[in-house]
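Notes for the one structure printed next.
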Amino acid sequence: MLSHIALVFWRGILQRRLFTTLNVLGMALGMATFLTLALIVRYEFTFDRWIPDAEHIYRLDAFSDKEVPVSSIRLIDALRAEHPDWNATAILRGFSGATVRINDNAWDVFIARTDAHLFDVFTLPLAEGDPRTALVPEGVVLTRMQARRFFGRDHDVLGKTLDITQKGRTERLHVTGVLKDLPPNTTPQFDLLVPTSASEMQAGSSWEMSAAETWVRVAPAVASQLPDLLGGIVQRHAAGLLSDDAKAFKIRARPLTTLHFFDATLGWGGTDKRLPIILGVVGLLALGAGLVNFVTLSTALAATRAREVAMRKVLGATVLTLGLSFTAEAIGLALIAAVIALVLTELTLPWISTLSGWPVGLDFGFALPLLLASAIIGGACAGAYPSWMLSRFRPAAVLASARMPGSGRLGSRLREGLTVVQFAFAVTLTICTLVISRQTHLLQTMDRGFHQSGLLMSYLPNEQAERLRQQRLSDLVRGLPGVTGVTISDDAPGGGTAGMTFDTTRPGRSAPPPLLAVIAKQPSTLPVWGAHLLAGRLFDTSHDYDSRAMPVAPFDSFLAGQTWTFGAHNVVLNESAIRALGFADAASAIGTPITLHNKDIQTIIGVVADMRFKNSRASVTPALYYAVSGPIGYGVLSVRFDHAPENAVRTAIATVWKQVYPESALNLRSVGDIIDDDTRPEQQRGTLMIVASFVTLSISCIGLYGIAVFNVRRRLFEIGVRKVLGATAQQVTRLLVLQFLRPVLIANLIAWPVAWWVMRGWLSRFDRRISLSPLYFALTALIVLTLATLTTLLQIRRGARSAPAIALSSQ
């Protein structure tokens, strides 16, 4: 029996090469798209699960107002005092980064200082070294990538020395361990681990300062009790913290395996969980389109095999045998499609990964079962209807008929319905692709409130002695060819390092005081950025209150646990701050005094447009800009250049940098690169959506072409009769084209509300967004109808031009 089914299957492929090719190709494209997106979804949902006991590791977030993914370094002592049996560790990531020097080479890096218990919590793979002895004083643990960066190789580097300068202090460390490069789907990334004593890590820290990550690994029985065990721990150990402040502190234990999606809700990296879900749905739609195409062509092809079935029944074939034969043939074709899909995925995955940014590879252990299940399910669905329909034909009636029996009105309606479903998938994806592409274009080209081209940024060293060199650096850079402006601030495009918010009140206004981000800058900063002035004026050093030295910088005061001190200043606000303070317009705010942090009176002298520095998706934070004449802590250098090549300007700045900061590395970035990084997630989604919609439209057109070939062949007799009765080839062509376009039009009507609902929800996440114009829907309909017409037109015109005598003799 199996040999008979195999023989019939092989002969069918040879006899129906066109239909077999269309069937297999459509199914293979759908499977390949589904597999590619499934690999991306799997990558997103398996974050951190490779780490041993990941499900028992928790990060402790400590906060008083809004949750942040950090805690006070002092929390670790409280944990060890109350729960000495827990495996706990603390990681302190510096605010200002550090510089690694080996001989005359320097690299700007961000290091993680940790205690000796890190490997008790995280069982991380070491390529070299022993985890029990790697975290020792004056040691450093590198990843393989960093070892290659520093030493040119990733092996035999144990004992090598390097100098790390951070906060004005230089340490000579020797390599005690080399971490294997961690998989990219890992939340806690460690490039350089520097073991540090508890006293050094806690120097200058306080309970109010959340700058560390606290991790614990607990037994499963303890996990359910964590909320109760952590309750009140701050109040019991927060010496020096006011009782009211201590009561406001909350501790939340967040499982490691949930952080990738959870941190996105906090705005601290990670991925929005809706993104992989959307990609998964798109993958299922592509697979569904391929499956629908497969079933549609299979039902059409089955209608041409009525006489074959009749002869096989005359020769003794049973209904069960015929049903199994049709199902086995369909599964066989689906398995061939699965093999082709596997090859297509292997060939295109590197390209897709490069464009989309997801570093995924083909995992055969995951891909083969998925494709096998898809092939079996798809084959069973494709073979079910033909098995039920054809195995019930009466042989005598079929063999005595002059015309080829078809599947009747039921089969025709089924194929039309499947075509509607197939094109509804394609139309939905195409509309979503157009909307995502336009929104991405808006994010890339929108006015961010400052002049973007010709602007370079770099973080500055932060120690007091290093701050005193800021003016010398500015003067030297300002004299370089092509440089038109130089300034320093503690915030800048791409994000500064010292963002702090303070409550701000306006005289005579009883509403709750809004929080304004207070940004220190030099008087020249706003002109160098190219900020758009809306009302009033910008800072002028001839006015005493425009630019004054501060007794202590606010961020320094915060780190030292001192009272914040501003003094009286003239200030410039952005549009969002004006709205938050309740002013009718920008002009009405000029000259108005406001009170900062309940004591320092500031006078508004100007209003500038909102500047989107960090996240183009979120709303702009209300901001207050004040100018200072002295050095700026945690500063960012901004350099404006014009009429000079960017590479030449970069090289010149690097030369000057080595003169002023020989112990620190320069990390210069253009605003264009910063904006590209900001909009990259939308570009990645757009790329995948374009590929998916193209594939789905291709599958739909393949199916429509196959149906066109089938229907034209079936209706040659009808075409001949129409032409004998006077119909022209053009009239016949128009009639058939309109009949083929009917399911496409119905698909558009079904897809439009679905796409509108999906895209309305997606666009609501953006502060600046395009309008959901009817043009996207109309353009998609035009594209799809044009493709459908072109797909079927050639075959229809060929049938419509056939001679009536030949057409009438076709049945």
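These values consider heavy atoms only, across backbone and side chains, with no hydrogens, waters or symmetry-generated copies.
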Nearest-0.5 Å distance that lies between atom [atom1] in [X] and atom [atom2] in [Y]:
X    : Y    : atom1 : atom2 : result
L429 : T696 : CG    : OG1   : 4.5 Å
T354 : L349 : OG1   : CG    : 9.5 Å
D676 : Q444 : CG    : CD    : 7.0 Å
D263 : D61  : CG    : CG    : 7.5 Å
L526 : L533 : CG    : CG    : 9.0 Å
L624 : L581 : CG    : CG    : 9.0 Å

Please determine whether side-chain contact (heavy atoms from CB on, under 4.5 Å) holds for the pair I436 and W762, giving the CA-CA distance in whole Å, both sets of side-chain angles, and the decisive distance to 0.1 Å. CA-CA 9 Å; I436 290 174; W762 183 75; 3.8 Å; yes
Provide the closest heavy-atom pair for [X] versus [Y] in the form atom of the first, atom of the second, distance.
X    : Y    : value
I352 : T36  : CG2-CG2, 3.9 Å
A755 : F777 : CB-CE2, 4.3 Å
L782 : T786 : O-OG1, 2.7 Å
L256 : P188 : CD1-CD, 4.0 Å
F63  : V68  : CB-N, 4.3 Å
L35  : L342 : CD2-CD1, 4.2 Å

Please answer whether the main-chain N or O of [Y] pairs with a side-chain N or O of [X] as donor and acceptor at a distance below 3.5 Å.
X    : Y    : answer
N574 : T621 : yes
R640 : S453 : yes
R769 : R765 : no
T33  : G30  : no
S670 : L456 : no
R448 : L443 : yes
S458 : N667 : yes
T487 : S638 : no

4.5 Å side-chain heavy-atom contact, [X] and [Y]:
X    : Y    : answer
F34  : L370 : yes
F261 : P276 : yes
P622 : P514 : no
F766 : R768 : no
V282 : M689 : yes
S489 : W529 : yes
I750 : V421 : no
F694 : L697 : no

Please say whether more than 12 non-hydrogen atoms of neighbouring residues, nucleotides or ligands are located less than 6.0 Å from CZ in R254.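 Result for CZ/R254: enclosed.
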Does the ring of F366 carry R42 above it, NZ/CZ under 6.0 angstrom from centre and within 45° of its axis? yes
Evaluate the criterion side-chain contact (heavy atoms from CB on, under 4.5 Å) for residue pair E44 and L279; output intermediate values, then yes/no. CA-CA 11 Å; E44 291 288 343; L279 294 179; over 6 Å; no
Please step through side-chain contact (heavy atoms from CB on, under 4.5 Å) for the pair L287 and M31, ending with a clear verdict. CA-CA 5 Å; L287 179 63; M31 283 182 166; 4.0 Å; yes
Applying side-chain contact (heavy atoms from CB on, under 4.5 Å), run through L344 and L29 and close with a yes or a no. CA-CA 8 Å; L344 289 174; L29 288 174; 4.2 Å; yes
Test log, rule salt bridge (Lys or Arg N to Asp or Glu O under 4.0 Å), inputs R612 and D610: CA-CA 6 Å; R612 297 177 182 272; D610 287 341; over 6 Å; no
